[in-house]
Amino acid sequence: MNDAPRPGWATEARATLSLSGPIVLTNLSQMALALTEALLLGRLGTDALAAGMLATSLHFALIAPGFGLALAAAPLQAMARGSARLPGGAGRGWLHNMRRATRASLWAAGLAILPAWVLLWNAAALLRALGQDPVLAALAQDYTRAAMFGMPGFCAFIALRGFLAAMERPAAAMWVAIGAVALNLPVAWLLIFPAGLGMLGAGLSITIAETAMLLALLVLIRRDRVFRRFRLLGRVWRLNLDWLGRVATVGLPIAGSMLLEIGIFSAAALAMGWFGAVAAAAHAIAIQTASTTFMVPMGIGQAATARVGLAVGAGRMADAARAGWVAIGLGAGFMAAMAAMLLLAAGFIARGFLDPMDPRAAEVAALGATLLAVAGVFQLADGVQVVAAGALRGLADTRVPMVFAAIGYWVLGLPAGLALAFWAGLGPAGIWMGLATGLAVVAVLMLVRWRRLSAAG
């Protein structure tokens with residue numbers, strides 16, 4: 001074991017906040033891309049906002065496999081760097097292993113994107129087959145056909161961001177993401193309104209922003225004296241099957257968990273579409289708001305992956321356990337505050353998304369406020385489960401959390417939501433109550449799992 005001084009709880013909290021701060025801001029910036037477009041599409045009318053919700057729900061569901069495989073780079077990179085701290089040179093070769101993990105995750109994510117492209121190109125037919133309004137389906141396809149080409153840039157950005165987190169220098173990704181928001185707002189406005197491209201323009205602006213993010217991050221990494229020596233993209237065309245297998249072992253369960261989680265919200269969006277454009281637009285408001293608050297604990301969870309992985313790689317399991325519990329506490333505290341905010345300001349938030357001149361604005365705002373209140377109830381559970389999942393990834397424990405997601409979201413959450421919405425007559429609010437139930441179950445299961453594994457170490 002390494003006998004170097006070990007951090008206390010307060011020191012660990014400061015380290016986690018220092019690492020998670022830029023990651024959180026990066027996540028919020030990425031969410032701001034979708035939030036900005038939701039606000040702009042809301043100015044086009046209720047149909048555009050509803051179609052945008054359907055399009056982005058489908059887009060994020062289908063990017064989940066690539067996203068999950070890109071995220072697999074983070075724990076492998078962190079463990080590789082952590083092994084450099086092992087005594088006696090036991091971790092020699094860590095630099096090469098970080099490079100191999102990065103390249104393999106890029107390959108894996110790229111391969112996963114290809115089938116997603118086929119489905120997104122035919123989004124209208126897919127959405128009609130799922131019972132959606134043909135008009136909304138056609139509008140959604142305009143968005144997906146333009147936005148899908150940003151997927152490679154997004155997934156590659158995530159893999160490179162994992163490298164920066166493992167190096168405990170995530171600020172570059174943060175500044176790039178903030179710059180992408182600054183770029184996307186005027187570009188999206190110009191393409192949607194003056195250029196008259198509407199939904200197509202919104203999707204195209206996302207592709208431009210995500211591609212620009214990747215290119216900018218590559219330039220910053222290339223210009224950094226320390227990062228340059230890793231040669232992350234050197235001979236990237238050479239497929240290393242051994243490392244691809246390692247990425248798949250860790251990443252496929254992550255991708256499965258993400259697909260299950262994103263899929264449950266996408267399924268909820270489709271169910272909202274059965275209630276009509278007003279319900280779909282109200283859901284768009286609630287999901288954009290809840291997703292924005294979710295970005296903070298998600299970033300803390302990603303920092304937990306790095307902190308736990310670094311400790312595990314160095315053979316310090318007590319430090320790994322401390323890192324995970326500190327992160328879970330930070331995530332829970334933030335989401336408790338967000339729960340209070342959503343419960344107190346639901347109506348104000350909902351009205352901010354809508355053009356007051358829209359004849360259906362009042363109806364959408366009222367339902368949106370109801371859904372936001374339900375979202376406030378499940379904030380704490382949502383924060384705890386995502387941070388605990390991030391801590392478990394630092395242990396390379398990804399398969400059992402995937403099973404938890406399947407049970408909580410699909411065995412319990414979705415059936416409960418549909419039963420409350422249709423059988424109990426609660427309508428759209430019932431769907432969200434089911435989501436809250438599923439998230440609570442997953443949070444409890446993740447906490448129990450983390451407690452057992454961290455104590456066993």
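Predicted, not measured: the structure shown is a model, and the values here were computed from it.
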Inset, instruction - Look at the aromatic rings of Trp325 and Trp450 and report parallel, tilted or perpendicular, splitting at 30° and 60°. - result: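 Plane angle over 60°, so perpendicular.
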Inset, instruction - Ignoring hydrogens and angles, state whether a donor on the side chain of Arg99 or Asn240 is under 3.5 Å from an acceptor on the partner side chain. - result: no
Inset, instruction - Give a yes-or-no answer on whether the side chains of Thr292 and Gln288 include a donor-acceptor pair shorter than 3.5 Å. - result: no
Legend entry - Check: Phe378 ring centroid to Phe294 ring centroid under 6.0 Å: no
Legend entry - Nearest-0.5 Å distance, CD1 of residue Ile63 to OG1 of residue Thr56: 12.0 Å
Inset, instruction - Give every residue pair that meets the salt bridge (charged side-chain N to carboxylate O under 4.0 Å, His left out) criterion with at least one member in residues 390-406, sequence neighbours excluded. - result: Asp397-Arg449
Inset, instruction - Under the side-chain contact (heavy atoms from CB on, under 4.5 Å) rule, what do Glu261 and Val386 come out as? Steps first, then yes or no, please. - result: CA-CA 10 Å; Glu261 183 173 357; Val386 72; 5.6 Å; no
Inset, instruction - Check whether any side-chain N or O of Arg81 sits under 3.5 Å from a backbone N or O of Ala166 as a donor-acceptor pair, and report yes or no. - result: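 Answer holds: yes.
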Legend entry - Donor-acceptor under 3.5 Å (Thr207 side chain, Ala146 main chain):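 The answer is yes, because a donor-acceptor pair under 3.5 Å joins these two groups.
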Inset, instruction - Please indicate whether Trp410 has more than 12 foreign heavy atoms, meaning atoms of other residues, nucleotides or ligands, lying under 6.0 Å from its CH2. - result: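 Correct, the count exceeds 12.
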Inset, instruction - Search all heavy atoms of Val181 against all heavy atoms of Leu33 and return the closest pair with its distance. - result: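 For Val181 and Leu33, the tightest heavy-atom pair comes out as CA-CD2, 3.8 Å.
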Legend entry - Taking every non-hydrogen atom, the tightest pair across Met151 and Leu120: CE-CD1, 3.1 Å
Legend entry - Test ring pair (Phe, Tyr, Trp, His ring centres under 6.0 Å) applied to Phe149 - qualifying residues, sequence neighbours left out: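 By the ring pair (Phe, Tyr, Trp, His ring centres under 6.0 Å) rule, Phe149 matches Trp117.
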